[in-house]
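We count ligands from 1, going down the list as the structure has it; atoms in each ligand are counted the same way.
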Amino acid sequence: MLLPIITYPNKLLKSISADVAQFDAQLHTFLDNMYETMLNSNGIGLAAIQVSMPIRALILCIPDEEGNQDASNILEVINPRIANTNGTIIYQEGCLSVPGYYEDIERYESLTLHYHNRHGVECTIEADELLSIAIQHEMDHLDGKLFIDKLSYSRRKKFEKEHKKALKEKK
Ligand code: QAP
Ligand code: CO
């Protein structure tokens with residue numbers, strides 16, 4: 001089932017999401033719906049709050065060399081914690097909740113992540129490059145932050161201007 005993705009400036013995107021307590025069938029169905037919704041919108045990552053659900057869950061599916069996003073490559077991350085970080089990296093980020101806008105953002109180059117999978121099992125992964133960037137981007141959503149909140153004053157102004165223009169053109 002496709003879920004509606006909310007977009008900036010919807011205030012729900014500022015929510016602090018709550019820890020997941022029950023790793024039940026309802027959560028599994030929700031995660032499946034998130035995956036379908038993300039692929040349908042050509043995304044590589046999606047946080048639960050982007051579909052109006054304020055829980056600490058996110059999904060990632062980094063495309064392989066052929067650009068395929070196989071279901072076996074999906075990473076479902078619940079109640080995540082970053083344990084260790086290394087270096088910095090700059091990447092031009094976008095967001096399904098800020099469609100059509102992309103800016104360079106600095107992130108940790110690599111990190112260690114502790115999280116729970118859909119069954120509540122504790123997992124740890126080492127991530128670098130695009131996966132590390134995507135994890136940090138999606139974890140920001142859990143604390144009500146968007147990548148545009150990281151822009152310098154002048155870049156943010158540029159965004160607000162382009163956003164207003166895009167809204168007018170849609171009407
Ligand atoms: C977050 O972003 C991310 O504007 C996931 O028109 C971003 O999936 C992780 C998208 C950068 C790592 C690096 C954005 C699709 C998708 C758009 C996305 C659009 C259509 C964004
Ligand atoms: Co996003």
- Message: Around atom NZ of Lys158, are there more than 12 heavy atoms from other residues, nucleotides or ligands closer than 6.0 Å?
- Response: yes
- When clusters are formed from ILVMFWY side-chain contacts under 4.5 Å, directly or step by step, what else is grouped with Tyr153? none
- Kindly report the NE2-the Co ion (ligand 2)-SG angle for His137 and Cys95 respectively, rounded to 10°. 120°
- Item | For Asp149, salt bridge (Lys or Arg N to Asp or Glu O under 4.0 Å) partners two or more places apart | Arg156
- Got the residues with a heavy atom under 4.0 Å of ligand 1, by chain and number? Ser41, Asn42, Gly43, Ile44, Gly45, Tyr91, Glu93, Gly94, Cys95, Leu96, Val98, Pro99, Gly100, Tyr102, Leu130, Ile133, Ala134, His137, Glu138
- Query: Residues sharing Phe23's hydrophobic cluster, by side-chain heavy-atom contacts under 4.5 Å among ILVMFWY, directly or via others?
  - Reply: Met1, Leu3, Ile5, Val20, Leu27, Phe30, Leu31, Met34, Tyr35, Met38, Leu39, Leu46, Val51, Met53, Ile55, Ile59, Ile74, Ile78, Leu96
- Query: Charged N to carboxylate O below 4.0 Å: is that the case for Glu106 and Lys150?
  - Reply: no
- With a 4.5 Å heavy-atom cut-off, do Lys145 and Leu13 have their side chains touching? no
